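Take a look at the structure set out below.
Just so we're on the same page: letters track the sequence lines, and every chain starts at 1. What's counted below: heavy atoms across the whole structure, side chains too, no hydrogens, waters or symmetry copies. The structure displayed is predicted, hence computed values, not measured ones.
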Amino acid sequence: DAEITQSPRHKITETGRQVTLACHQTWNHNNMFWYRQDLGHGLRLIHYSYGVQDTNKGEVSDGYSVSRSNTEDLPLTLESAASSQTSVYFCASSDPNQPQHFGDGTRLSIL
Amino acid sequence: GESVGLHLPTLSVQEGDNSIINCAYSNSASDYFIWYKQESGKGPQFIIDIRSNMDKRQGQRVTVLLNKTVKHLSLQIAATQPGDSAVYFCAETLSGYALNFGKGTSLLVTP
């Protein structure tokens with residue numbers, strides 16, 4: 001069965017470090033998305049991609065970057081981790097005009 | 001920017017009763033709406049969707065109603081079961097790409 005997987009599921013790191021969260025989907029979807037989820041804010045869009053070599057900024061993109069070198073993967077990088085980036089991160093993928101499929105998230109703690 | 005909101009942050013219902021979760025949206029141009037269910041420690045799971053050319057859509061035990069006049073969306077769950085306890089999110093999108101999520105309603109089903 002097709003799926004979307006995120007790794008790691010949990011990570012603890014220190015402020016100032018670079019962190020990369022992985023997202024891999026086997027749906028063959030062109031569209032991929034990264035969200036963060038915080039209490040009181042719901043899910044907020046960080047970055048998204050509509051295909052290979054395409055990336056776009058979302059609502060809360062400062063301090064984050066993504067790259068799309070193939071259809072299956074959209075890694076999310078925190079260039080210099082800050083405590084305000086402690087959150088749960090979700091990756092999703094979809095075909096255009098279809099529901100997004102979500103991974104089970106990465107819980108990131110920045111100390 | 002425009003945002004999706006929810007009328008109630010928590011909803012408690014008895015097992016077997018019907019549940020209604022409401023959502024207000026403010027972007028009149030949105031043309032696709034999705035309801036997601038999120039259980040603890042997991043990613044959002046698709047429940048049902050509706051496009052702006054419809055006002056009602058039914059699934060298994062769930063019905064989504066769309067009122068474009070007042071920009072209101074609701075999710076009805078029939079014969080609510082303990083397994084329905086979760087956080088429910090509505091999401092809106094224009095042309096089926098990046099989603100704008102509401103903050104969520106927590107549904108608690110009591111025996």
Side-chain angles (χ1 to χ4, degrees), chain A residues 1-10 21 23-25 27 29-51 54-61 66 74 87-108, chain B residues 1-10 21-27 29-54 57 59 62 64 73 75 86-106:
Chain A
D1 285 349
E3 59 182 2
I4 180 166
T5 54
Q6 295 184 235
S7 61
R9 291 297 313 277
H10 303 272
L21 309 183
C23 175
H24 179 82
Q25 53 98 2
W27 292 95
H29 289 154
N30 282 325
N31 299 345
M32 295 186 73
F33 309 85
W34 274 104
Y35 297 88
R36 61 178 287 175
Q37 186 174 38
D38 306 285
L39 282 174
H41 289 281
L43 286 120
R44 291 182 292 173
L45 183 65
I46 305 172
H47 281 284
Y48 57 102
S49 169
Y50 293 153
D54 176 75
T55 61
N56 306 278
K57 293 181 179 181
E59 176 189 358
V60 290
S61 61
V66 294
L74 186 70
S87 187
V88 181
Y89 291 86
F90 288 99
C91 180
S93 72
S94 75
D95 282 325
N97 252 332
Q98 295 298 318
Q100 293 180 17
H101 298 262
F102 283 82
D104 281 335
T106 293
R107 184 174 294 275
L108 179 63
Chain B
E2 297 185 73
S3 62
V4 176
L6 290 169
H7 294 307
L8 296 173
T10 59
I21 301 172
N22 295 304
C23 176
Y25 66 95
S26 55
N27 186 352
S30 292
D31 58 6
Y32 182 42
F33 305 87
I34 307 172
W35 281 100
Y36 285 93
K37 172 186 180 182
Q38 187 177 26
E39 297 173 306
S40 181
K42 295 192 174 182
Q45 177 186 5
F46 169 77
I47 301 173
I48 193 167
D49 58 359
I50 189 167
R51 303 190 188 272
S52 58
N53 61 350
M54 304 171 69
R57 191 162 189 226
V62 294
V64 55
L73 194 67
L75 176 70
V87 176
Y88 290 80
F89 293 94
C90 64
E92 62 174 334
T93 182
L94 176 61
S95 301
Y97 288 95
L99 292 171
N100 181 27
F101 280 85
K103 292 183 172 54
T105 291
S106 177

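Interatomic distance, CG of L45(A) versus CG of N100(B), reported as 9.0 Å (0.5 Å rounding). The CG atom of L43(A) sits 9.5 Å away from atom CG of L99(B), with the distance rounded to the nearest 0.5 Å.
In this structure, Q100(A) and Y36(B) have side chains that are in contact, with non-hydrogen atoms separated by less than 4.5 Å.
The candidate with the highest count of non-hydrogen atom pairs below 4.5 Å against chain B, out of A92(A), P99(A), G103(A), is P99(A).
Only the side chain of R9(A) comes within less than 4.5 Å of a heavy atom in chain B; its backbone stays farther off.
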Which pairs of donor and acceptor atoms, one on a side chain in residues 38-48 of chain B, lie under 3.5 Å apart (sequence neighbours left out)?
| unit_1 | atom_1 | unit_2 | atom_2 | d |
| --- | --- | --- | --- | --- |
| Q38(B) | OE1 | Q37(A) | NE2 | 2.8 |
| Q38(B) | NE2 | Q37(A) | OE1 | 3.0 |
| Q38(B) | NE2 | K42(B) | O | 2.9 |

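Counting non-hydrogen atoms of other residues, nucleotides and ligands closer than 6.0 Å to CZ of R44(A) gives a total above 12.
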